[in-house]
J.: 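My questions all concern the structure below.
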There are 2 protein chains.
Amino acid sequence: MAPTLKDVAAHVGVHPSTVSRVLRGKENLKISAKTHDKILKAVKELNYIPDFTARALRMKKSFTIGLIVPDILNPYFARIARRIEQLGFEKKYTVIVCNTDEDQQKEILFLNQLISRGVDGIIIAPVQDSKEHIVDVIDKNIPLVLIDRIFEDINVNSVITNNAESVMKAVTHLVKLGHKRIAFLRGQKNIYTIKNRLAGYKEALKEFNLSLIDNYIVGEGFEFEDGYEATLKLLALPKLPTAIVSSGGDLVTLGAIKAIYEKGLKIPEDISIIAFFDSLYSPFLATPLTTITHYRQKIGEKAFKLLLKQIESSKDMQAKTICVDTKFELRDSTAKPKN
Amino acid sequence: MAPTLKDVAAHVGVHPSTVSRVLRGKENLKISAKTHDKILKAVKELNYIPDFTARALRMKKSFTIGLIVPDILNPYFARIARRIEQLGFEKKYTVIVCNTDEDQQKEILFLNQLISRGVDGIIIAPVQDSKEHIVDVIDKNIPLVLIDRIFEDINVNSVITNNAESVMKAVTHLVKLGHKRIAFLRGQKNIYTIKNRLAGYKEALKEFNLSLIDNYIVGEGFEFEDGYEATLKLLALPKLPTAIVSSGGDLVTLGAIKAIYEKGLKIPEDISIIAFFDSLYSPFLATPLTTITHYRQKIGEKAFKLLLKQIESSKDMQAKTICVDTKFELRDSTAKPKN
DNA sequence: CTGTTAGCGCATTCAT
DNA sequence: ATGAATGCGCTAACAG
């Protein structure tokens, strides 16, 4: 068996609580240098490792936070998660990452699991079929911050990005190149980010007096196949778009690229593309992609700091929504339209 | 405050232990249908969520496993991790992922942290500067399985891939195309996988009677910059290689590609490349890469199952080393050498 | 400066 | 079929 406080205490000949005090190392608790040293020596000798579980139970504080994201394989969330872990590590917090695969049932399960494990707080990019389960958590007074996707009518700390503006910038770029038939490859419909990106798309069209063509808005999910299928549909239209704004992220975009190649089209000669794309790989693709990328580390940082503040402040703090900019990176996947 | 067993018991008018029994749901414990139902009803009403921490303390079983990898941003480890999480979820285990960034100090810290948290087992791709800390964990009788990187002289469950054979296959392919000057872009030296890949490289050279050129073996790490720098060095040599085997994974390979492009060379016309490359992106790169890829999900699966068996078996089981194949995927980054 | 006491929430052994 | 008692390992309030 692993040695406990009691074992260490017995080994030194003091009371367990004394050992505890030494190990907690509170400044103001006066302990004789002698016993202090003896205890530390015994700890080393016995190779004592404190039992975090017991401590958590006693202190009602687990130094654990939960992170719920759709899919950690997505470089967007991976980078955010990694940053949160890093910061957590610095502050002695462990983070438990949960992947929902955009399945709200799973999300609810994870939420309960995390609560059951007594996490000190939760960072979540929710599935957004509904919000009751999120509200429940907040009502339980468990610190929570939303990332990427918020519910506009609930008052909670959140970190988002300026989706609409990003797309408007992208469309503007295309219009200036001469494009008039710009399609929007969506991603999953009901998601906050996507709704806002779509809104930005529509607003930009309006601004440039371009008509909104329903068939030009396609896509139903965030997976490779979703992008592939949707783009095939797009490319089967009688009147092809000359440009695509891909708002569903890396996988969707790769799917789109595959479809485009399969149809024998060239990027950007036949069709231009601007994508929300967060991996390192964009410069190396067949045609280096012009992208909208996120400051993912910053998003992770803001989220973690908000959460930490909420965890550490006894009184409830004023909820804040932080908006992080995106970056427009011009590469080679956009050009003037042919016709 | 969250309701406890006691609250539920009081609400129904029974003893907490009775509630516990109902919730544990052991078959052989006879409980009247009446109280059973009443208790379940109360649980729902109060929205009782069991305290996992307390349970873990009491049962000395946390239903948590630790996964320690170099970097979850690496698609190789990301996919393995994801699969382990998935399987863990099915079996009610939570997994805590730790990233070492190839820093052994961190690895030791994480190991202790995990032990302190009372994980039921650990899966680890170790840094491999040394092995004492790993042996310590095993000596503590904590179930542990090594992935990707093993210590050949310690007897422990492990899952590896056939590194040497993979490289031999790659070199063979290049030789058959007519290459005689084949460089090896290594990755971090002291790592098991890399050592074996290098061994495979050397063996293949020998088999084909090609001389081993020291300058053709480069690379010191797993990052993008490592690949970039190392390849620049390679391309500054008086006698350029006509092909590169990149054994350091995705990032290193991307770095290499960048260096090659910057030197104004073309793939595969000027230089061929075969890479250990695990992301979805390989078909879409400027020249779709001929790669060696891993069955990452399978690796995760094997590792998880080994660990679970070890956790669940009271007596210590016979340690096993499972070797998972790799896949050679021919694309367009290899061709006959120019001269 | 250190020991004593109590209890976090739960599962379990022993009663009844 | 259920209640009572115990303790997992730890911290904290209170004594002294």
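None of the values given here were measured: they were computed from a predicted structure. Note on naming: letters A, B, ... go to the chains in the order of the sequence lines (proteins, then strands), and numbering restarts at 1 for each one.
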J.: How do A:M1 and A:H15 order along DNA chain D: which one's closest nucleotide is nearer the 5' end?
T.: A:M1
J.: Side-chain N or O of A:K61 versus OP1/OP2 of C:dC8: is the shortest distance under 4.0 Å?
T.: no
J.: Under 4.0 Å between any heavy atoms, over every strand shown, what does A:L5 touch: base, sugar-phosphate, or nothing? Just pick one.
T.: base
J.: Which nucleotide, C:dG3, D:dC10, C:dA11, lies nearest any side-chain atom of A:A54?
T.: D:dC10
J.: From the set C:dC10, D:dG3, D:dA12, return the single nucleotide nearest to any side-chain atom of B:S17.
T.: D:dG3
J.: Between D:dC10, D:dG3, C:dA11, which nucleotide has the shortest distance from any of its atoms to the side chain of B:V14?
T.: D:dG3
J.: Which nucleotide, D:dC10, C:dT2, C:dC14, lies nearest any side-chain atom of A:D51?
T.: D:dC10
J.: Using a heavy-atom cut-off of 4.0 Å across all strands, would you classify B:Y48 as base, sugar-phosphate, or nothing?
T.: sugar-phosphate
J.: Where the side chain of B:L57 is concerned, which of D:dC8, D:dT11, C:dC8 is the nearest nucleotide?
T.: D:dC8
J.: Between C:dC14, D:dT11, D:dC14, which one does the side chain of B:R21 approach most closely?
T.: C:dC14
J.: When you get a sec, tell me which of D:dT11, D:dT2, C:dT2 is the closest nucleotide to the side chain of A:S32?
T.: C:dT2
J.: Classify B:T4 by what it touches in the nucleic acid, base, sugar-phosphate, or nothing, heavy-atom distance under 4.0 Å.
T.: sugar-phosphate
J.: Which part of the nucleic acid, if any, lies within reach of B:T53 when heavy atoms closer than 4.0 Å are counted: base, sugar-phosphate only, or nothing?
T.: nothing
J.: Check for me whether the distance between the ring centres of B:F151 and B:Y192 falls short of 6.0 Å.
T.: no
J.: Pick from B:K61, B:K92, B:K91: which one makes a salt bridge (charged side-chain N to carboxylate O under 4.0 Å, His left out) with B:D120?
T.: B:K61
J.: Rounding to an integer number of Å, can you tell me how far A:D7 CG sits from D:dC10 P?
T.: 9 Å
J.: Got a donor-acceptor pair under 3.5 Å from the side chain of B:R58 to the base of D:dG9?
T.: no
